[in-house]
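Working notes, structure below.
Model, not experiment: these values are computed from the prediction. Every chain is numbered from 1 and lettered A, B, ... according to where its sequence line falls, protein lines coming before strand lines.
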There are 2 protein chains.
Amino acid sequence: MTPTTRPPVPDAELLRLDHQVCFSLHAASRAFGSVYRDALKDLGLTYPQYLVMLVLWEHGSQPVKAIGEQLRLDSGTLSPLLKRLEAAGLVRRERSTEDERSVTIHLTADGDDLREQALPVPRRMLAATGLTIDELRTLRGLLGRVTSALDEA
Amino acid sequence: MTPTTRPPVPDAELLRLDHQVCFSLHAASRAFGSVYRDALKDLGLTYPQYLVMLVLWEHGSQPVKAIGEQLRLDSGTLSPLLKRLEAAGLVRRERSTEDERSVTIHLTADGDDLREQALPVPRRMLAATGLTIDELRTLRGLLGRVTSALDEA
DNA sequence: AGCGATTTAGTTGTGCGCAACTGAGTTGCT
DNA sequence: AGCAACTCAGTTGCGCACAACTAAATCGCT
């Protein structure tokens, strides 16, 4: 639309907006990380470790690859992270018998028990954001679209 | 509102929503990082280094502390990052004479020249997000509010 | 059956992010 | 003036993220 006329928003503002959005995202992500760090320190988990545990709590034992797809993480990140979860006694690694390339991650009893302790965490986080439900939904929607679009490029 | 009645959104959905928002944020931030990495590799800058250069391009020479406040980064992150920028010849460090605790960061001629090369980057990023101007503004607003709220906690 | 391409996890190396700490310099209080 | 509290930059140590690579297993094609 308006192909031959000036865009309604001047270039300079577009550029500033881009920087602000990217920077806001960066800052917001780190702010979340900081609050999660605090909420999770009693559990002895980092935020990425918590994400892995969530996947296991929700869907049960899974190969490394499946976890990586859900969290958008590769083996270079997951392998050492899972090693630390194993060292903490929360998780067990088992090489698959029918496909020996694959390693399945299982929860240990301790890992399963930890779920109980983790239950209040999301509510605490939710409150800390200070957003309404509708705003959260809008945010989630926009972020999802951005991520999909960026993954194309 | 509706103080004694059931909330209109069930608990379970709240929790899922929180996870989705936090996770989306994490994923979106990394997706941005990935596209920036690509857009910036010709300049030899990482995304955080680019953010520091933006601050210097826009506001000129500044002490480390001021840069950290604008980018929400501490000296543990900035000191080595600035060292790398200095090693790349983009930046010069100068201990302040009137307050010898403070180190002022100056752009070198090369660092100033790089601005020219960086000009097309934001437009490219903007296009890659696939969002409209209004959506970007909404996103920026929500992210800013989340970050402020989280910084309180 | 044989062999090249692909898949899966893991390793290595670099940089970011942050907590905890250090050390030099400054400020404020008495 | 003197000294405790604070400020600022830097260092150390750990974990995450990712590119590039390796090694082993599987798949697919002929």
Quick note, salt bridge (charged side-chain N to carboxylate O under 4.0 Å, His left out) partners involving residues 96-105 of chain A, not counting sequence neighbours, are A/D99-A/R101
Let me confirm one number: the SG-CG distance from B/C22 to A/L51, rounded to the nearest 0.5 Å. 8.5 Å
When the distance from CG of A/L85 to P of D/dG15 is rounded to whole Å, what number comes out? 11 Å
Measure the distance from CD on B/Q49 to C1' on D/dA17 and round it to the nearest whole Å. 15 Å
What residues in residues 73-83 of chain A put a non-hydrogen atom under 4.0 Å from any atom of DNA chain C? A/S75, A/G76, A/S79, A/K83
For DNA chain C, the residues among residues 95-106 of chain B that have a non-hydrogen atom under 4.0 Å from it: B/E98, B/D99, B/E100, B/R101
Counting side-chain heavy atoms from CB outward, which of C/dG17, C/dG15, D/dA9 is closest to B/V64? D/dA9
Assign each of A/S34 and A/E69 the nucleotide of DNA chain C bearing its closest heavy atom; nearer the 5' end lies the nucleotide of A/E69
How many Å lie between CZ on A/F23 and P on C/dG17, as a whole number? 10 Å
Look up atom CG in A/L43 and atom NZ in A/K41, then write down how far apart they are to the nearest 0.5 Å. 10.5 Å
Value rounded to 0.5 Å, distance of OG1 in A/T46 from CZ in A/R37: 9.0 Å
To the nearest Å, give me how far apart CG (A/L51) and C1' (D/dA17) are. 13 Å
Partner set under salt bridge (Lys or Arg N to Asp or Glu O under 4.0 Å) for A/R115, not counting sequence neighbours: none
When rounded to the nearest 0.5 angstrom, what is the spacing between OG1 in B/T77 and CD1 in B/I67? 13.0 Å
Residue pairs passing the ring-ring contact (aromatic ring centres under 6.0 Å, His included) test where at least one lies in residues 56-111 of chain A, sequence neighbours excluded: none
Using a heavy-atom distance cut-off of less than 4.0 Å, which residues of residues 87-94 of chain A contact DNA chain C? A/R93
Measure CD1/B/I67 against P/C/dG17 and give the value in whole Å, please. 14 Å
Measure up the A/Y47 and A/Y36 rings against each other and bin them: parallel (under 30°), tilted (30 to 60°), perpendicular (over 60°). parallel
Give me the one residue out of B/L78, B/L73, B/V52 that meets side-chain contact (heavy atoms from CB on, under 4.5 Å) with B/V64. B/L78
Looking only at non-hydrogen atoms, find the nearest pair between A/V103 and A/R93 and report the distance. CG1-CB, 3.9 Å
Residue pair A/E135, A/R137: steps toward the salt bridge (Lys or Arg N to Asp or Glu O under 4.0 Å) verdict: CA-CA 5 Å; A/E135 286 171 331; A/R137 279 201 256 261; over 6 Å; no
For the pair made of OH in B/Y47 and C1' in D/dC18, what is the distance, rounded to whole Å? 17 Å
Grab the NZ-P distance between A/K65 and D/dA25 for me, whole Å please. 19 Å
Rounding to an integer number of Å, can you tell me how far B/H26 NE2 sits from D/dG15 C1'? 12 Å
